[in-house]
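Everything on this sheet refers to the single structure shown next.
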Amino acid sequence: MSLTSPHLGSPSVWTDARLLYALEEVVEKELDRHLKVAKDWMPHEYVPFSDARNFPGFFEDGEAWEKKQSKVTEVGRIALVVNLLTEDNLPSYHHEIATLFGREGAWGTWVHRWTAEEGRHGIVMRDYLLASRAVDPDKLEQFRMAHMSEGFESDNRHSMLHSIAYVAFQELATRISHRNTGHQSGDPVCDRMLARIATDENLHMVFYRNLLKAAFELAPDLTMQAVRDVVVNFRMPGHGIPGFERAAAQMAIGEVYNLRIHLDDVLQPVIRFLRVMEIDGLGPEGVKAQEELGLFLDGLDSEASKFDEKLAARKARMAARAAG
């Protein structure tokens, strides 16, 4: 990486175009590493097709959907719908990163490879949900149409560094959400499927996390500001799903994804790995961003502790009712 400057955080030095060029070598290295460790897998091998039967419509023997037909828990059903609808917006995600990172060279190869791998997730989840009758298929399709018709625009599309910082955290958040959904689903088949998806998401996180590490070495001030902005304003990509707020609240109570999980299992692992709070030699803006990030994390920990207390109290009330 040949671009150097006495103060690498200076925006007059690091434009998006120059950063894309400077990071190309890192992208190529990470792409090679990813292709060596990533394993191809077949979505159809994870779907219980023997459990499937026709739905009403063109088939005279079609059977209407009912909740009792599936062994999946209520929180599992809610989380599965949110997770699948998030995956469904893959065309918009591809457009976003292809526009930002380009379609040529190592960047372009990664963009297309990532999209192909992510495509499996939506395929296997939808096939599982329909074959196992875990969700109402009519409502699922109505939600998909509503969500995809809105499209998706990233909060971070204005900046390559912000986008890299966001996906470093978001890919891990998605992995954790899928993994916890599997644990809470009540169905070993579902758990196994989501564990396979989570493995992909973890590899994607490692790619972007390592890219973010290289960005810190090149432009520490700008990267620190990007990480601060992303962490403070973080939203999951599925926030536009119909009824997302209520579903998110139910997933929080069901311990699929909540403030404590977000802080302890998503934000902190990436921040610790990159040693974000230990980076020194920053300029004024970088130091300010680092301090603000630390304060925000402290405040988030306090909020998470309050949530933990409310959740524990709720569990105690439910246990008392069950015992009574």
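In terms of modelled atom types and a separation under 3.5 Å, the side chain of Trp65 and the main chain of Arg133 share a donor-acceptor contact. Between the side chain of Ser177 and the backbone N or O of Thr174 there is no donor-acceptor pair closer than 3.5 Å. In this structure, Asn202 contributes its side chain and Ala198 its backbone to no donor-acceptor pair below 3.5 Å. Judged by distance alone, with hydrogens and angles left aside, the side-chain atoms of Asn89 form no donor-acceptor pair with the main-chain N or O of Ser92 at under 3.5 Å. At distances below 3.5 Å, at least one donor-acceptor pair connects side-chain atoms of Gln69 with backbone N or O atoms of Glu66. Of the possible donor and acceptor atoms, none in the side chain of Glu285 sits under 3.5 Å from a partner among the backbone N and O of Leu222. Looking at Asn156, its side chain never comes within 3.5 Å of a backbone N or O of Ser163 through a donor-acceptor pair. Between the Thr99 side chain and the His95 main chain, a donor and an acceptor come within less than 3.5 Å of each other. Looking at Asn54, its side chain never comes within 3.5 Å of a backbone N or O of Gly62 through a donor-acceptor pair.
The aromatic rings of Tyr208 and Phe101 are tilted relative to each other, their planes meeting at an angle between 30° and 60°. Classified by interplanar angle (parallel below 30°, tilted 30° to 60°, perpendicular above 60°), the ring pair Phe234/His262 is tilted.
Grouping the Ile, Leu, Val, Met, Phe, Trp and Tyr side chains by contacts below 4.5 angstrom, directly or via other members, places Leu267 apart from Leu295. Note on Leu212 and Leu297: same hydrophobic cluster, where clusters join Ile, Leu, Val, Met, Phe, Trp and Tyr whose side-chain heavy atoms are under 4.5 Å apart, directly or indirectly. No continuous path of ILVMFWY side-chain contacts below 4.5 Å connects Leu203 to Met205, so the two sit in separate hydrophobic clusters. Under the 4.5 Å side-chain heavy-atom criterion for ILVMFWY residues, no single connected hydrophobic cluster contains both Leu130 and Ile197. Note on Phe244 and Met145: separate hydrophobic clusters, where clusters join Ile, Leu, Val, Met, Phe, Trp and Tyr whose side-chain heavy atoms are under 4.5 Å apart, directly or indirectly.
In this structure, the ring of His34 has its center less than 6.0 angstrom from the ring center of Trp110.
Test Leu300, Leu263, Leu293 against Val231 for side chain to side chain contact (heavy atoms under 4.5 Å, CB included) and you get one pass: Leu293.
A salt bridge links Glu30 to Arg33: one of the charged nitrogens lies within less than 4.0 Å of a carboxylate oxygen. A salt bridge is defined here as a Lys NZ or Arg NE, NH1 or NH2 lying under 4.0 Å from an Asp or Glu carboxylate O, and Glu171 with Arg175 fails to meet this definition. Using a 4.0 Å cut-off between a side-chain N of Lys or Arg and a carboxylate O of Asp or Glu, Glu117 and Arg113 qualify as a salt bridge. Using a cutoff of 4.0 Å between basic side-chain nitrogens and carboxylate oxygens, Asp88 and Arg126 are scored as salt-bridged. The residues Arg144 and Glu141 are annotated as salt-bridged, a charged nitrogen and a carboxylate oxygen being separated by less than 4.0 angstrom. A salt bridge does not link Asp136 with Lys67: every distance from a Lys NZ or Arg NE/NH1/NH2 to an Asp or Glu carboxylate oxygen is 4.0 Å or more. Checked for salt-bridge contact, Glu74 and Arg77 meet the test: a charged N lies under 4.0 Å from a carboxylate O.
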Worksheet item: Going through the checks in order, is the side-chain hydrogen bond (donor to acceptor under 3.5 Å, both in side chains) test met by Glu309 and Ser305?
Response: CA-CA 6 Å; Glu309 292 172 4; Ser305 295; over 6 Å; no
Practice prompt. Check the pair Thr181, Asn83 against side-chain hydrogen bond (donor to acceptor under 3.5 Å, both in side chains), reporting the backbone distance first and the verdict last.
Written response: CA-CA 9 Å; Thr181 298; Asn83 291 352; 3.1 Å; yes
Practice prompt. Show your reasoning for whether side-chain hydrogen bond (donor to acceptor under 3.5 Å, both in side chains) applies to Tyr128 and Asp187.
Written response: CA-CA 11 Å; Tyr128 166 80; Asp187 181 8; 2.5 Å; yes
Worksheet item: Should His112 and His94 be marked as a side chain to side chain contact (heavy atoms under 4.5 Å, CB included) after you check the CA-CA gap, both sets of side-chain angles, and the distance that decides it?
Response: CA-CA 8 Å; His112 294 303; His94 174 84; 3.5 Å; yes
Discussion item. Does Tyr93 form a side chain to side chain contact (heavy atoms under 4.5 Å, CB included) with Trp114? I'd like the steps, not just the answer.
Written reply: CA-CA 10 Å; Tyr93 308 148; Trp114 175 88; 3.8 Å; yes
Practice prompt. Apply salt bridge (Lys or Arg N to Asp or Glu O under 4.0 Å) to the pair Glu25 and Lys29, showing each step before the final yes or no.
Written response: CA-CA 6 Å; Glu25 182 181 333; Lys29 175 185 174 184; over 6 Å; no
Practice prompt. Quick one: do Asp191 and Arg179 satisfy salt bridge (Lys or Arg N to Asp or Glu O under 4.0 Å)? Show the steps, please.
Written response: CA-CA 7 Å; Asp191 191 27; Arg179 202 68 194 93; 2.9 Å; yes
Discussion item. Could you go through Val111 and Arg103, starting from their C-alpha distance and side-chain angles, then the distance that decides it, and tell me whether this counts as side chain to side chain contact (heavy atoms under 4.5 Å, CB included)?
Written reply: CA-CA 7 Å; Val111 166; Arg103 296 173 175 82; 5.8 Å; no
Fill in: Asn258 vs Met251, side chain to side chain contact (heavy atoms under 4.5 Å, CB included): CA-CA, chis, key distance, verdict
CA-CA 7 Å; Asn258 55 40; Met251 290 167 66; over 6 Å; no
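Nearest heavy-atom pair across Asp221 and Gly286 is OD1-CA, 3.7 Å. Residues Phe169 and Val266 share a closest heavy-atom pair of O-CG1, 3.5 Å. When all heavy atoms of Met125 and Leu80 are compared, the closest pair comes out as CE-O, 3.7 Å. Pairing each heavy atom of Ala219 with each of Thr223, the nearest pair is O-OG1, 2.8 Å. The minimum heavy-atom distance linking Ser185 with Gly182 is given by the pair OG-O, 2.8 Å. Contact record, Gly254 with Gln184: O-CD, 3.5 Å, taken as the closest heavy-atom pair.
A 4.5 Å side-chain heavy-atom check between Lys288 and Glu292 finds at least one atom pair inside the cut-off. Residues Leu20 and Trp107 form a side-chain contact, since some pair of their non-hydrogen atoms from C-beta on lies under 4.5 Å apart. At least one side-chain heavy atom of Leu172 sits less than 4.5 Å from a side-chain heavy atom of Ile176.
Atom CG of residue Asp127 and atom CE of residue Met193 lie 10.0 Å apart, to the nearest 0.5 angstrom. In this structure, CG in Leu90 is found 6.5 Å from CD in Glu118, a value given to the nearest 0.5 Å. Rounding to the nearest 0.5 angstrom, the gap separating the CD atom in Gln250 from the CZ atom in Arg246 is 4.5 Å. The CG atom of Asp308 sits 11.5 Å away from the NZ atom of Lys310 when rounded to the nearest 0.5 Å. Taking CG from Leu161 and CG from Leu218, the interatomic distance works out to 9.0 Å, rounded to the nearest 0.5 Å. In this structure, CE in Met277 is found 8.5 Å from CD in Glu291, a value given to the nearest 0.5 Å.
Between the side chains of His178 and Glu87, at least one donor N or O sits under 3.5 Å from an acceptor N or O.
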Just distance, no hydrogens or angles: give the donor-acceptor pairs under 3.5 Å from side chains in residues 315-324, sequence neighbours left out.
residue, atom, partner, partner atom, Å
Lys315, NZ, Glu255, OE1, 3.4
Lys315, NZ, Glu255, OE2, 2.7

Only distances under 3.5 Å count here; give the side-chain donor-acceptor pairs of residues 35-52 to other protein atoms, sequence neighbours excluded, each with its distance to 0.1 Å.
residue, atom, partner, partner atom, Å
Asp40, OD1, Arg120, NH2, 2.9
Trp41, NE1, Asp200, OD2, 3.1

